[in-house]
Each structure stands twice: as structure tokens, then as C-alpha cells.
Amino acid sequence: MSDARREATVRRAPSVAETPRDETVFLLAMDNALCVPVALAGSAAAIWQLIPTMGTTLTHIAEVLSSESGVATVEITAHLRDFVTSLASQGLVLFDAVD
Amino acid sequence: MSTDDRADAEYTLGRSEAVELATAWASHRAARIGVRILVLKGPLAHTQGIRAKRTSSDVDILVEPGRSEALISEFGLGGWHERFAPDIPWLIELHSTTLFHARWPIDIDVHHYWPGFLVDRQAAFETMWVDREQHELAGVSVFTPDALTASLVLALHSLRRPASEDHAGDIPNLVAKLRRLSLDNLPALMTDRARLLGATQTSRPFLVALGADVAEELNPDDDLRLWKLNALARGHTRAWAAAISNAPLRKKPVYLIRAVLPSPREMRGLHPELAPGITGLVRGYWRRLGSGGRELTKAALQWARRSGRADV
């Protein structure tokens with residue numbers, strides 16, 4: 001089994017409301033205890049758009065960002081992992097572990 | 001604008017986005033606890049083609065009868081709490097609870113019923129629910145009454161207090177919007193729906209403007225009489241007059257004093273425009289003593305005449 005197939009996938013949480021304004025996207029995790037919206041702009045909003053409802057790997061997202069920005073994938077990955085982890089802590093995305 | 005200001009503006013939740021997100025959240029949380037709600041007015045009225053696009057300052061939802069407490073409790077878990085409302089009499093029973101949240105720029109108004117629909121409240125809700133439409137806001141499914149009922153909701157909202165609030169032009173605008181929808185037999189359809197909801201008389205100015213032939217009820221029942229009285233009211237003077245009139249003799253002075261001299265907290269709730277501090281309060285009381293006393297006497301006499309009471 002390749003490394004890519006062993007990597008956990010990330011997907012949007014099912015109960016997230018989303019509405020855009022210009023370059024910003026406002027999100028609300030509706031099953032969170034507190035009803036507090038989150039605003040993402042710039043690269044944060046771009047990353048959010050790359051997270052599908054069906055799931056993808058961080059490697060894949062990093063590769064897309066790398067091809068768009070010219071920054072090396074390895075440089076992107078660490079920051080990306082931190083950011084997506086913070087999204088998970090806010091109930092906006094879910095990580096699906098592989099068997 | 002500095003760079004920091006731009007960043008703040010970029011991340012600040014505007015009312016338009018807030019209304020969409022809060023509507024989605026309210027619908028989701030209501031469904032989660034098995035409570036039926038309908039979204040009223042707001043951006044969906046524009047989607048339905050019955051109102052021009054405008055930014056709402058709150059989310060209006062109608063909750064099925066008997067479930068308001070459960071819903072407000074659920075919303076409380078998310079940080080939405082009841083906004084202070086002065087304990088004052090109303091000609092028409094208070095129809096909503098306003099909720100606020102420290103992190104949101106808008107309120108949520110939870111309506112227990114919709115004033116002007118004079119049939120039994122459960123029957124009114126079921127009629128609205130059966131013909132509901134499903135829409136999507138912020139990517140979430142929400143329910144709203146169909147365009148016919150939604151139009152009656154808007155019309156009644158404008159007709160409830162036409163004398164006290166700036167609703168001039170609402171009915172002509174609504175009629176113009178509806179005519180653009182080119183629905184067959186619109187006046188008859190709207191009248192039938194109004195009849196089901198007990199609103200042929202309360203929404204009569206709207207129905208007539210639409211081209212329907214609705215005769216005025218010359219012997220109104222209590223609910224309709226109160227509706228009409230409320231429609232003529234500008235402030236709360238008539239409601240106080242009714243309360244004083246209906247109160248036992250020994251309690252009349254208490255009501256009268258409370259009407260003219262509410263508590264400082266109620267005073268600020270009733271007159272948010274008052275300047276902060278004691279000076280603002282004193283000015284408010286002085287103004288109220290001057291105009292309120294005269295208005296109250298006049299309103300009490302009108303109330304007595306309209307209700308046929310002789311004990312005022």
C-alpha cells in the first residue's frame with residue numbers, strides 16, 4: 001500500500017453553514033456547543049475551498065497549493081496541517097483515519 | 001482606512017451574512033430537537049419575489065404552538081438569550097421573544113404565533129406548514145411559508161401598527177410584486193388562503209388592493225376589535241388604557257402609576273433613545289408625565305367607548 005493511500009483524509013463536517021462575502025467565507029459549525037461563526041479570508045478561504053465533503057488528503061491539498069503558488073509542497077504541509085487541525089477543533093472539518 | 005481596519009472589516013460578520021447563518025443554525029437546531037419552525041420575511045421574501053432585496057436586522061421564525069420553550073432553551077445552549085422586554089400590557093398578546101447573542105450583530109425573533117391570523121393557533125400553523133416551501137440558506141435547507149401565506153405575513157406585519165411605524169408604501173409595493181408573479185386568480189387564491197387563516201378582515205386593506213371583493217365585518221368579535229384598536233395605536237397608551245379599564249377598582253391606581261412612571265429599567269427599555277445617566281431618565285419621566293397623562297386619559301375614554309364599558 002502506498003503512503004498516499006495510508007494517509008488520513010480530511011472532509012468538511014456535515015453540519016456546517018457557509019456564506020461568502022467578497023473574498024471572505026463565513027462558516028458556522030451548527031452542532032458546536034456555542035453558536036460562534038468563523039471568518040476565513042485569503043489563503044485560509046482558498047484552503048477551505050479545497051476541502052471537499054467527500055474527503056481528500058492533506059498531501060493532495062498541499063500539491064494543489066504548491067502548483068498554484070510555486071511554494072514547495074514540503075513547506076506548505078506543516079502550516080497546512082496546523083491550519084486544518086484548528087478547523088477540526090472548531091468542528092468545521094473531520095479527519096477520517098485509515099484502517 | 002488603515003491596513004488593520006481593512007483586515008477587521010474583512011473578518012467582521014455583516015448583518016446580511018449573519019441573517020443567513022443564523023437562519024440556517026436556527027433551522028438546524030430546531031430540527032435536531034424535533035421542533036417545526038418556519039422562517040418568515042427576511043431574504044426568503046426576496047427569493048420568493050414578494051419583497052425588494054433589503055438587509056434584515058433580525059431573523060424571524062415562527063415556532064409550532066407549545067414548543068417555544070423547548071426551542072428557546074435549545075437556542076440558549078448556543079448562547080442566545082432573551083433580550084429585556086418591559087413588562088407592559090399589550091392590546092394584542094405579545095407574539096415573540098427576542099433573543100440576542102454577544103457575538104452576533106442581529107437578533108432572533110421567536111414568534112409564538114403571527115398576529116392577524118385569528119383562527120386557532122395550531123390550525124394556523126398547520127395551514128402554513130402544509131403549504132411550506134423548502135429553500136437553501138448558507139447551504140442548509142430551511143422552510144418558509146409559500147408565497148401566498150408569506151404575502152399575508154408581510155401584509156399583516158405592515159397593517160398591525162400602520163399608525164406607529166413607517167409602513168407607508170408596504171402594501172402597494174407588495175401588490176406590485178405579486179402582480180409581477182403573474183399568478184392566475186391571485187385575488188381569489190389570496191382570499192381563500194386568508195380565509196383559512198382567519199385573516200380576511202385583518203388583511204382586508206391588502207386583499208382589496210389586490211382586487212379582491214371583501215366586505216367589512218360590521219360586528220367584529222373581540223380578537224378583531226383588538227386588532228383594529230391596535231392598528232390605530234401609536235404607542236402603548238391604548239394598551240395601558242385597556243389594562244386600567246379592565247383592572248379591579250382597587251388596582252386601577254397601581255396600573256395608572258406604572259403607566260406614567262415605569263421603573264428606570266422599563267423606562268430605558270421603552271425609550272432606548274434616552275441619554276445615559278440620571279439626566280436622561282429625568283428628562284424621559286418629565287416628557288412622559290407631560291404627554292402620557294393627557295394621552296392616557298384620552299385613550300381610556302376611547303377604549304371605554306369602543307368596548308362599550310361604562311366603568312372608566
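To find a chain, count down the sequence lines: A is the first, B the second, and so on, and within it residues start at 1.
Listed here is the closest heavy atom pair of Pro37(A) and Leu21(B): CB-CD1, 4.1 Å.
Counting non-hydrogen atoms of other residues, nucleotides and ligands closer than 6.0 Å to CZ of Arg81(A) gives a total of 12 or fewer. The neighbour count for Arg179(B) CZ, taken as heavy atoms of other residues, nucleotides or ligands under 6.0 Å away, is above 12. By the 6.0 Å contact criterion, CD on Glu69(B) is open, its count of non-hydrogen atoms from other residues, nucleotides or ligands being 12 or less. When the shell of 6.0 Å around NE2 of His135(B) is examined, it contains more than 12 heavy atoms from other residues, nucleotides or ligands.
Between the side chain of Trp104(B) and the backbone N or O of Val36(A) there is no donor-acceptor pair closer than 3.5 Å. At least one donor-acceptor pair under 3.5 Å links the side chain of Arg21(A) to the backbone N or O of Thr12(B). At distances below 3.5 Å, not a single donor-acceptor pair connects side-chain atoms of His28(B) with backbone N or O atoms of Asp31(A).
Ranked by heavy-atom pairs shorter than 4.5 Å toward chain B, the options Ser15(A), Ala17(A), Pro20(A) are led by Ala17(A).
The CG atom of Leu77(B) sits 11.5 Å away from atom SG of Cys35(A), with the distance rounded to the nearest 0.5 Å.
Looking only at atom types and distance, the side chain of Thr19(A) has no donor-acceptor partner in the side chain of Glu17(B) under 3.5 Å away.
Of the atoms belonging to Asn32(A), it is backbone heavy atoms, and not side-chain ones, that fall under 4.5 Å from chain B.
Residues meeting the salt bridge (charged side-chain N to carboxylate O under 4.0 Å, His left out) test with Lys177(B), sequence neighbours left out: none.
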